[in-house]
Amino acid sequence: MTAPGPGREDFGARLSVDRSVPGRRAVDVPTWRGAKTSLPDASLLRDSLALPEMSQGELVRYYTALSERNYGIDSGTYPLGSCTMKYNPKVNDLIASQPGFANAHPQAREEDAQGTLRTLLELRHGLAEVTGLAHVSLAPAAGAQGELAGVLMISSALEDRGELGQRRRILVPDSAHGTNPATAAMAGYTVTHLPTAENGSLDRATIEQELDETVAAVMVTVPNTLGLWEQGIEEVAGLIHDAGAYLYADGANLNAIMGRVRYGDLGFDVAHLNLHKSFSTPHGGGGPGAGPVCCTEELAPYLPTPVVEECDDGVVRLAAPERSIGRLQQFHGNVGVLLRAYAYLRALGLDGLCAVSGQAVLNANYLRTLLHGHYDLPYDRPVLHEVVFSGSRQRREHDVRTYDIAKRLIDHGFHPPTVYFPLIVPEALMIEPTETEPPEAIEALAQALNAIAEEAADDPDTLHGAPWSAPIGRLDETTAARRPVLRWQDVGVSEAVSRMSR
Amino acid sequence: MTAPGPGREDFGARLSVDRSVPGRRAVDVPTWRGAKTSLPDASLLRDSLALPEMSQGELVRYYTALSERNYGIDSGTYPLGSCTMKYNPKVNDLIASQPGFANAHPQAREEDAQGTLRTLLELRHGLAEVTGLAHVSLAPAAGAQGELAGVLMISSALEDRGELGQRRRILVPDSAHGTNPATAAMAGYTVTHLPTAENGSLDRATIEQELDETVAAVMVTVPNTLGLWEQGIEEVAGLIHDAGAYLYADGANLNAIMGRVRYGDLGFDVAHLNLHKSFSTPHGGGGPGAGPVCCTEELAPYLPTPVVEECDDGVVRLAAPERSIGRLQQFHGNVGVLLRAYAYLRALGLDGLCAVSGQAVLNANYLRTLLHGHYDLPYDRPVLHEVVFSGSRQRREHDVRTYDIAKRLIDHGFHPPTVYFPLIVPEALMIEPTETEPPEAIEALAQALNAIAEEAADDPDTLHGAPWSAPIGRLDETTAARRPVLRWQDVGVSEAVSRMSR
Amino acid sequence: MSSPHPYIPATEADRARMLERIGVDDLDALFSDLPASFRDPAIDLPPALTEPELMALLANRAGQNASPSRPNFLGAGAYRRSVPSIVPYLVSRSEFSTAYTPYQPEISQGTLQSGFEFQSVVCELTGMDVANLGLYDVASATAEACLMAARATKRQAVCLLEPIHPGTAGVVKTYARGAGLRVDTAVSADEITDEHACLVVQQPDFLGTIVDLEPLADAAHETGALLAAVADPFALGMLKAPGDAGADIVTGEGRDLAGAPAFGGPSLGLFAAGLPYLRQMPGRIVGRTRELHPPDDGEPRTGYVLTLQAREQFIRRERATSNVSTAQALIALGFTIAVQALGPRGLRESAELCYQRAHDAARRIGALPGFAVPERGPWFQEFLVRGPMSAPELSAALSERGIAAGLDVTDRPEPEARDALLFCVTEATPDAHVEALIDALAAIGDGA
Amino acid sequence: MSSPHPYIPATEADRARMLERIGVDDLDALFSDLPASFRDPAIDLPPALTEPELMALLANRAGQNASPSRPNFLGAGAYRRSVPSIVPYLVSRSEFSTAYTPYQPEISQGTLQSGFEFQSVVCELTGMDVANLGLYDVASATAEACLMAARATKRQAVCLLEPIHPGTAGVVKTYARGAGLRVDTAVSADEITDEHACLVVQQPDFLGTIVDLEPLADAAHETGALLAAVADPFALGMLKAPGDAGADIVTGEGRDLAGAPAFGGPSLGLFAAGLPYLRQMPGRIVGRTRELHPPDDGEPRTGYVLTLQAREQFIRRERATSNVSTAQALIALGFTIAVQALGPRGLRESAELCYQRAHDAARRIGALPGFAVPERGPWFQEFLVRGPMSAPELSAALSERGIAAGLDVTDRPEPEARDALLFCVTEATPDAHVEALIDALAAIGDGA
Ligand SMILES: Cc1ncc(COP(=O)(O)O)c(C=O)c1O
Ligand SMILES: Cc1ncc(COP(=O)(O)O)c(C=O)c1O
């Protein structure tokens with residue numbers, strides 16, 4: 001708790017450098033008492049380093065105060081659609097921070113890291129079971145890197161088939177997350193956007209029309225970003241394979257279907273998962289995550305290096321698949337995140353995973369029902385893990401944007417949902433409660449959103465100026481981009497920082 | 001961060017039981033799969049247990065929100081006089097929580113606990129050096145228990161001298177902390193209060209007058225609770241000893257003089273320290289603390305059990321002094337706190353301890369100077385670790401009490417100082433900045449207090465109603481005591497809690 | 001040190017500026033009251049360590065204790081528990097851990113509301129009307145219970161029923177001496193007289209046996225004494241609440257549910273009593289109240305304050321109910337969260353799991369040739385083991401095999417304890433440790 | 001499970017109520033879109049574990065790794081550092097750790113303002129104008145640097161100067177393939193041509209040598225290529241900032257200053273560049289701004305937002321500068337706090353301590369009969385050791401003695417690496433470990 005001062009404190013204006021006093025320090029460094037080696041030539045050395053100088057207590061206070069200007073999952077409901085913000089079990093953090101795990105060196109002999117490696121092996125097996133795709137590399141650091149891995153694996157397979165030169169297109173639904181087209185482009189492909197049909201699934205006719213010998217792959221998010229099942233995906237898989245292309249699953253929404261249906265069974269060739277979503281590892285304000293890539297036998301030789309394998313001697317090792325696309329990380333991926341995901345998997349088991357997907361879906365539908373009528377619902381069907389409303393009516397009738405609605409929700413004590421995504425829903429409000437929200441929280445959220453819908457009619461200006469009760473008011477994002485101030489020096493504080501000279 | 005809802009949330013009205021839903025749970029318990037033993041007779045077993053039922057995420061949110069309704073040393077300046085709220089180094093917590101320390105069993109063979117025991121031994125030596133009293137027991141759990149130990153040791157010594165029956169009085173200055181007279185009474189003594197002289201020290205004449213063969217001991221706080229040195233204490237010690245009594249040091253204010261002067265050298269027979277103050281271990285919202293008792297050779301045989309000693313075989317053991325007053329704890333004291341205190345001692349060394357006392361005193365005098373003239377200063381002299389102002393002028397001229405001033409300080413972002421103590425200063429404001437506050441914080445505190453002094457004149461009602469910006473407004477303490485509501489059941493919620501039946 | 005210590009912000013330049021403002025020449029001037037002849041004594045302390053050096057030193061020290069993964073069957077007052085993972089995280093939040101005693105309720109609602117939860121939990125577990133915010137440990141809490149009983153009954157002796165933890169008995173004696181109380185020990189409730197302020201009974205007793213408190217309460221009450229039960233709060237997950245069996249005061253040790261044993265402390269003394277004793281109780285108490293000045297358009301909100309302080313030393317001084325000030329608040333917070341995490345079913349299931357695992361281990365040990373498990377009645381988690389050699393020899397033989405045996409209780413007067421070690425198995429004792437123990441005992445039995 | 005899992009609040013009764021409100025009969029109805037023939041496949045997963053079982057299992061697993069207290073001289077991309085004690089505590093505060101990417105700045109100022117601090121620290125250390133919020137790790141950051149250089153120069157090849165970490169080179173190749181870039185490796189700056197978008201240089205290089213970047217920058221710039229330096233941010237505590245030596249892009253690995261190696265990750269890719277490349281940069285960037293609607297009586301306050309997002313995938317999609325979304329924000333926070341805790345003097349002193357300790361160890365090893373420490377120029381914390389036997393044999397001999405030797409680099413082309421192990425000693429390598437190594441090497445030398 002920071003007791004606020006009278007008046008409005010401009011906390012953001014006081015950075016570390018503004019709090020710095022030359023000569024203060026937060027930790028001491030041991031003195032070297034042995035024989036001294038002369039330093040390298042001065043031309044190789046720096047002669048100044050302008051960093052803030054604070055005592056330990058001051059630094060702790062500064063970052064404690066900063067933490068209090070943040071909202072985490074422990075602060076309350078965090079219904080960001082697609083992001084799957086669920087409770088992060090503390091036990092997972094305890095487990096990953098055990099010295100035996102934390103201090104394992106990435107270059108250690110495999111015999112010296114069997115505890116970690118066996119755990120990763122079992123995670124690999126677990127993910128294979130859950131996805132129905134038997135082969136897995138845990139290397140990708142996040143979803144987007146998992147996508148890159150999957151698409152590059154497809155490139156390698158096509159190359160081995162001699163078709164890489166000809167298959168230069170990847171089809172991506174217009175409801176896809178931005179990482180999908182961006183990944184396809186990074187992997188050198190042209191992106192063709194597939195329109196979403198009335199029912200919220202892919203438009204079969206367009207796919208059939210687009211599928212030809214120039215298509216390398218179709219990337220589909222299942223369930224999709226509308227929170228809906230891709231109807232007929234198992235048949236589309238057949239069409240795609242018939243056309244010689246591969247079917248990629250963006251598995252970031254696995255949490256809706258865990259334990260109930262599997263990508264491999266439906267005909268997907270490769271999928272990535274977002275463990276930092278479905279498997280509850282903390283998102284850290286923007287990572288670290290982990291985006292394992294899972295695939296069929298056919299694509300297995302191309303998996304990124306390393307793959308965890310048990311050898312005949314019972315030792316678990318890191319292997320480079322035969323025709324691997326190569327490395328994605330200097331070492332072996334975000335192992336600390338993978339350990340947490342493993343702990344989560346073991347805490348739940350199959351019944352637990354089904355309970356997760358079941359409750360996640362029930363919660364989303366409950367919210368859908370409670371909000372029904374107050375906001376437009378472009379795809380008015382039972383949903384899976386999330387539901388996408390539209391603020392179009394509020395925009396049209398009261399000149400209130402979804403942006404305003406989101407900001408106002410902050411005043412009601414909630415983190416806002418995802419807004420303006422998926423792009424195909426105008427003024428989108430994409431809400432994912434997840435299974436870890438109690439029904440009372442969903443009811444309170446619905447009540448707040450419905451109250452805001454009323455306010456939009458009665459008192460739109462309150463929404464336009466919101467939030468009113470956050471640590472800071474609505475911020476000027478336009479000027480931020482137009483005249484970027486991106487570091488201390490840009491604020492003109494560099495001279496306030498003492499420079500240490502040799 | 002908790003984004004506040006619109007309107008005033010009555011957070012305090014929603015206890016765990018109000019959040020409870022029958023059937024929820026925050027942890028699972030393993031199932032016993034072995035042979036079953038029948039339970040004891042039903043008459044020995046309970047048939048209901050009315051506790052709240054919450055999921056893990058809900059419970060974490062509840063206590064996270066509660067933490068945000070608290071102010072700790074990491075939140076800002078916490079200038080409680082006498083309480084010595086200084087920065088608590090995180091490294092000490094890390095050290096004490098190492099599994100090797102944390103999991104040591106108190107009944108372990110001493111050979112199995114040498115890491116802990118040697119550390120305690122070195123702490124014991126360090127405290128002996130710092131106090132000039134060579135013999136130490138680390139057993140007392142807090143200052144008050146240290147006092148009890150010291151006074152009982154005096155009783156034992158008197159008993160051995162055959163004077164216990166006759167020496168039934170203990171002299172305690174009127175500026176003493178309440179634990180001093182309470183301890184004397186618990187140990188069976190009659191308390192005689194000694195008035196404070198004009199200069200803020202003991203009144204020598206009264207002491208001389210009171211000192212007779214009915215006096216067992218004089219308990220003196222050095223420096224005293226006015227933040228002042230007890231002038232002539234070394235001479236008073238002589239008088240006391242001449243009268244056959246013992247001189248006890250309440251060492252809770254050791255932080256002002258660490259490294260500069262020692263109780264033993266001054267003639268004290270026994271002293272307790274408050275490690276959770278002087279040695280920076282976290283106070284925990286009311287403990288745990290540690291109140292080691294240190295004494296002369298003469299009193300050493302009476303120290304509480306255990307005392308840590310190195311034996312001839314090099315093994316460190318727990319010993320019962322010859323004529324020990326006995327145990328104060330089932331086991332060996334608040335060892336986790338002692339480990340933190342040891343780490344603090346080692347991080348500082350002698351130079352560091354002197355730097356601590358020096359800066360603590362400098363900070364208190366700086367504050368004294370900055371506030372000078374704005375509040376009455378009954379003892380207008382340079383102070384040591386703390387300074388005691390009086391709000392008498394504000395009370396008299398503006399009907400503003402020190403209570404109001406303290407509450408208003410909350411609106412300025414500070415924890416208030418200690419108020420109404422010591423009892424000899426009317427409307428006391430007892431302020432102890434400690435050495436870990438940067439000068440800027442002291443300046444800001446002085447500015448706030450001086451602004452409040454002005455407000456007292458210009459706008460006393462703002463002070464009467466303060467605080468205005470805290471998580472909750474001024475509370476009705478009178479009703480709380482008159483009609484005590486001390487647990488859930490008193491609020492009438494017990495029926496809301498599910499009862500578990502066998 | 002020319003540059004300041006990391007814990008002390010002020011630099012040399014800061015100091016110069018401050019001294020100037022104060023109007024003194026140097027720091028020494030501020031210490032001029034201290035008697036010159038005693039100033040700056042020679043103090044022998046090891047030199048300061050930087051943080052990495054400090055961490056290395058104390059990692060090393062921690063490694064000099066027996067490994068925490070070593071099989072350990074010690075109980076006797078400190079029990080290995082499965083502490084829910086959320087406890088250490090929440091307790092370590094510095095808003096809780098670095099706060100002082102909540103003297104300013106408006107910015108201490110976290111500590112205070114948690115304290116109200118604690119009191120409620122303790123009342124429910126013990127079956128009592130009121131609880132305080134906790135005392136140092138079970139032993140000092142029991143000592144305070146005796147002093148309170150003496151105040152309430154105006155009697156000058158207390159009676160401890162054996163077997164009681166010697167540490168508890170010891171502290172009662174220390175405190176009783178100051179208060180001028182006589183401490184008697186008894187092996188049966190028959191020994192209680194109308195001189196006794198209270199009968200103190202441990203539940204389960206020191207040798208692990210579950211005690212039927214009702215007849216003891218009746219016996220105490222018949223003489224006008226109170227019954228003070230010293231109960232393991234974890235065992236109360238399944239055992240009858242002492243209040244329901246007639247206890248007037250209940251104390252207990254809360255440390256183990258809140259965290260690791262830490263060589264015995266920080267501990268947590270639980271203290272609960274019947275309503276008649278409320279104003280006689282030692283320690284701090286939180287009460288619920290409301291805001292004084294709600295805004296015109298609002299209801300007063302609910303808040304918590306320290307209350308009934310007229311009992312306490314800082315107001316009542318020598319007439320206070322106790323001298324206690326700083327107690328064990330942070331451990332109480334951990335205890336509260338742990339109990340609430342387990343909840344009513346979890347607590348019951350854990351207690352039963354503990355019971356089952358201990359009995360299973362005892363049964364297997366009793367079946368080993370040369371070993372016996374003498375019983376004294378129904379028991380909870382601790383049992384006596386008598387082997388084919390003397391108790392110290394058996395203990396040493398296990399120690400050689402890397403196992404910490406149960407406590408040697410041969411010197412106890414109870415016949416069952418003769419030549420016996422007091423073993424403890426809880427819900428948290430790893431299975432592998434039990435297996436290792438049984439293998440080791442079998443091997444020792446074979447060798448004997 | 002009839003009762004809900006601890007992670008899932010809703011009870012059976014809650015579910016019934018919710019289903020009724022939704023208007024469906026059962027949960028299955030909500031899954032009716034899923035193709036029936038594929039529903040509820042057989043999935044083979046081990047049964048659920050309760051928390052105590054889970055903790056026991058994974059404590060056991062952690063124990064199957066080599067003990068963390070074992071002497072270890074591996075570096076080669078992951079270095080043992082003295083992480084300030086305040087880092088793990090602050091980073092673990094769940095307001096930081098359980099937040100999402102800060103899409104809603106008003107309630108994410110903690111993440112955002114810390115991010116601004118991070119960018120500032122990275123700019124200062126690297127001597128660059130702008131930095132992003134971090135990428136996955138040094139290797140993928142370097143790959144992104146190559147892609148950015150290719151975009152900026154419109155060239156189709158990059159040149160890696162050896163010796164460079166093989167993991168870094170590997171990731172560059174993976175990314176380059178997708179982007180259609182050729183990856184050349186060179187042993188000298190002479191090999192750079194005007195086909196190359198950039199010259200990538202590691203500082204210190206893979207074998208530990210400190211590189212003089214200025215001539216390399218000049219060589220690159222002469223051909224119109226950029227210089228991308230892959231620099232150890234810790235070494236930058238004493239080494240010249242690559243920006244001051246002419247680098248256009250700087251990447252680096254931030255993991256080790258922020259915490260333990262954790263078998264290589266989570267890592268933290270640092271990415272900084274000159275101002276001209278700002279709008280070509282991958283990843284998130286925080287900018288400083290002000291409130292839009294201050295109250296009538298107030299100045300607009302300062303706040304932080306994600307900015308320049310028009311580069312990013314969620315707006316630009318296939319035309320984005322990178323596909324990166326989730327990165328390593330929490331590690332960046334730890335890095336920032338660690339660097340600020342050390343401060344300018346601490347960072348310099350730590351780097352010099354590391355340098356001195358490594359050189360002292362190397363000197364002592366080089367003095368052992370049978371051992372040599374071939375040097376390639378000034379070096380920082382890693383050195384080559386050639387012993388009286390082959391490198392794998394030496395490694396195995398040390399391993400038998402409980403010491404993890406330096407990395408085997410015999411297969412490197414550099415002549416000094418032949419038959420050599422790459423040892424690493426840092427400021428945080430315990431003295432006792434260095435002593436143990438020297439003793440072991442001496443004994444091995446005697447035996448050979
Ligand atoms: C549907 C979908 N796909 C892909 C991603 C990318 O995952 P990451 O942020 O881990 O790179 C996300 C989340 O950002 C997502 O929601
Ligand atoms: C001067 C003085 N003496 C004694 C005490 C009692 O110490 P404790 O609270 O640790 O029992 C205190 C603090 O409360 C104090 O300030």
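Note that these values count all heavy atoms, side chains included, but never hydrogens, waters or copies made by symmetry. Protein chains get the first letters and strands the later ones, always in sequence-line order, with residue 1 at the start of each.
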Checklist entry - Residues two or more places apart in sequence or in another chain: which of them pass side-chain hydrogen bond (donor to acceptor under 3.5 Å, both in side chains) with D:Ser32? => result none

Next on the checklist: Does any backbone or side-chain atom of A:Leu44 lie under 4.5 Å from a heavy atom of chain D? Answer side chain, backbone, both or neither.
Outcome noted: both

Checklist entry - With under 30° as parallel and over 60° as perpendicular, where do the rings of D:Phe263 and A:His332 fit, or are they tilted in between? => result tilted

Checklist entry - Which atoms of D:Pro47 come close to chain A, meaning under 4.5 Å heavy atom to heavy atom: side chain ones, backbone ones, both, or neither? => result backbone

Checklist entry - Are the side chain of D:Gln356 and the backbone of A:Thr37 linked by a donor-acceptor contact shorter than 3.5 Å? => result yes

Next on the checklist: Salt bridge or not between A:Arg487 and D:Glu124? Use side-chain N to carboxylate O under 4.0 Å.
Outcome noted: no

Checklist entry - Is it the side chain or the backbone of A:Asp41 that comes within 4.5 Å of chain D heavy atoms, both, or neither? => result neither

Checklist entry - Counting heavy-atom pairs under 4.5 Å to chain D, which of A:Gln145, A:Gln114, A:His105, A:Glu234 comes out on top? => result A:His105

Checklist outcome for this item: All heavy atoms of A:Pro467 vs all of D:Glu106, minimum pair found to be CG-CG, 3.6 Å

Item to check | Test item: A:Asn70 side-chain N/O and D:Gly110 main-chain N/O as donor-acceptor pair under 3.5 Å | outcome: yes

Item to check | Expected output: side-chain D:Glu318 to main-chain A:Pro181 donor-acceptor under 3.5 Å | outcome: no

Checklist entry - Side chain, backbone, both or neither: which part of A:Leu228 has an atom under 4.5 Å from a heavy atom of chain D? => result neither

Checklist entry - Which atoms form the tightest heavy-atom contact between A:Gly100 and D:Asn65, and what is the distance? => result O-ND2, 3.0 Å

Checklist entry - Do the ring centers of D:His165 and A:Phe331 come within less than 6.0 Å of each other? => result yes

